[in-house]
Amino acid sequence: VTTPDDVKAGGRRLPGQVGIRCVHCARRGLCRSTHAVSYPRSIRLVYQSVRNLQRRHISKCTTMPPEAAAEYEALKSARQSNSSPAAAKYWEECCRRMGMIDAADGIRLRNGRFEDDGS
């Protein structure tokens, strides 16, 4: 969730917007690779944003530990792509159960916090 400090750092973000970011870049600071952060305009686009992060960022991430990169590559090569309308729908439903809602200015949290989805 975007904080006022995130907004000061630049970009088109607003406080309270929900986005996704590379966990490694978030923990270790800025990464020189692109596509480390994304703020989808709607819940329906979260799945595509994650796929874009996987395709465009992960393999170039300069902050990912070598053991995590090796594990990611092993998992990626061990299975075939499972991109389908059902997968996108699953992500959308999970976002809603976590309390995300679509707003005019992007994704927001229904009650200002993530909710327990009961699983």
Side-chain angles (χ1 to χ4, degrees):
V1 177
T2 307
T3 66
D5 287 338
D6 293 329
V7 174
K8 289 178 191 173
R12 298 179 301 185
R13 299 166 281 211
L14 297 172
Q17 276 185 298
V18 175
I20 62 168
R21 76 171 56 176
C22 171
V23 65
H24 305 291
C25 294
R27 288 183 183 153
R28 295 190 174 167
L30 293 177
C31 176
R32 295 186 187 269
S33 176
T34 59
H35 304 286
V37 179
S38 174
Y39 290 88
R41 297 286 301 157
S42 73
I43 294 168
R44 183 181 55 79
L45 299 174
V46 169
Y47 176 73
Q48 187 61 44
S49 293
V50 171
R51 301 266 304 156
N52 288 341
L53 181 121
Q54 290 171 329
R55 285 189 208 115
R56 298 179 180 154
H57 176 75
I58 297 294
S59 65
K60 298 175 184 130
C61 182
T62 59
T63 62
M64 183 186 295
E67 59 275 5
E71 183 177 1
Y72 174 77
E73 288 301 321
L75 290 168
K76 189 171 95 172
S77 64
R79 69 174 193 80
Q80 295 184 11
S81 176
N82 190 18
S83 181
S84 70
K89 188 70 175 162
Y90 171 80
W91 278 75
E92 186 176 343
E93 290 170 4
C94 288
C95 288
R96 291 188 193 289
R97 285 196 313 264
M98 292 171 62
M100 295 180 210
I101 58 170
D102 287 331
D105 58 357
I107 301 170
R108 298 288 179 154
L109 296 175
R110 181 176 25 251
N111 295 313
R113 62 179 173 74
F114 286 102
E115 298 171 8
D116 182 0
D117 70 356
S119 55

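Just so it is clear, the structure is predicted and the values come from calculations on it, not from any experiment.
Only one option out of V50, I107, N52 pairs with I20 in a side-chain contact (heavy atoms from CB on, under 4.5 Å); it is V50.
Here the straight-line distance linking atom CD1 of I58 with atom SG of C22 works out to 5.0 Å at 0.5 Å rounding. Here the straight-line distance linking atom CZ of R55 with atom NE2 of H35 works out to 11.5 Å at 0.5 Å rounding. In this structure, L53 CG and Q48 CD are separated by 11.5 Å, a value rounded to the nearest 0.5 Å. Remark: S38 OG to R56 CZ distance equals 10.0 Å, nearest 0.5 Å. From E93, atom CD reaches atom CE of M98 across 14.0 Å, with rounding to the nearest 0.5 Å.
Nearest approach of G19 to P40, heavy atoms of both residues: CA-CD, 4.3 Å. Contact detail for I43 and C95: the closest heavy-atom pair is CG2-CB, 3.5 Å. When all heavy atoms are compared, the tightest approach of F114 to M100 is CE2-CE, 3.6 Å. In plain terms, the two heavy atoms of A68 and H24 that are nearest each other are CB-CE1, 4.0 Å. The heavy-atom pair separating A74 from S77 by the smallest distance is O-OG, 3.2 Å.
At a threshold of 4.5 Å between non-hydrogen side-chain atoms, the residues I101 and R108 count as touching.
Remark: side-chain polar atoms of R41 are paired, donor with acceptor, to backbone N or O of A104 under 3.5 angstrom. Put simply, the side chain of R113 never gets that close to the backbone of G99: no donor and acceptor are under 3.5 Å apart.
Considering only residues two or more places apart in sequence or on other chains, A70 meets the side-chain contact (heavy atoms from CB on, under 4.5 Å) condition with none of them.
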Original post:
Step by step, would you call Q17 with V1 a side-chain contact (heavy atoms from CB on, under 4.5 Å)?
Top reply: CA-CA 5 Å; Q17 276 185 298; V1 177; over 6 Å; no

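No more than 12 heavy-atom neighbours from other residues, nucleotides or ligands sit within 6.0 angstrom of CD on E71. For CZ of R44, the number of neighbouring non-hydrogen atoms (other residues, nucleotides, ligands) closer than 6.0 Å is 12 at most.
Hydrophobic clustering keeps Y47 apart from L45 (ILVMFWY residues linked when any side-chain heavy atoms are closer than 4.5 Å, directly or through intermediates).
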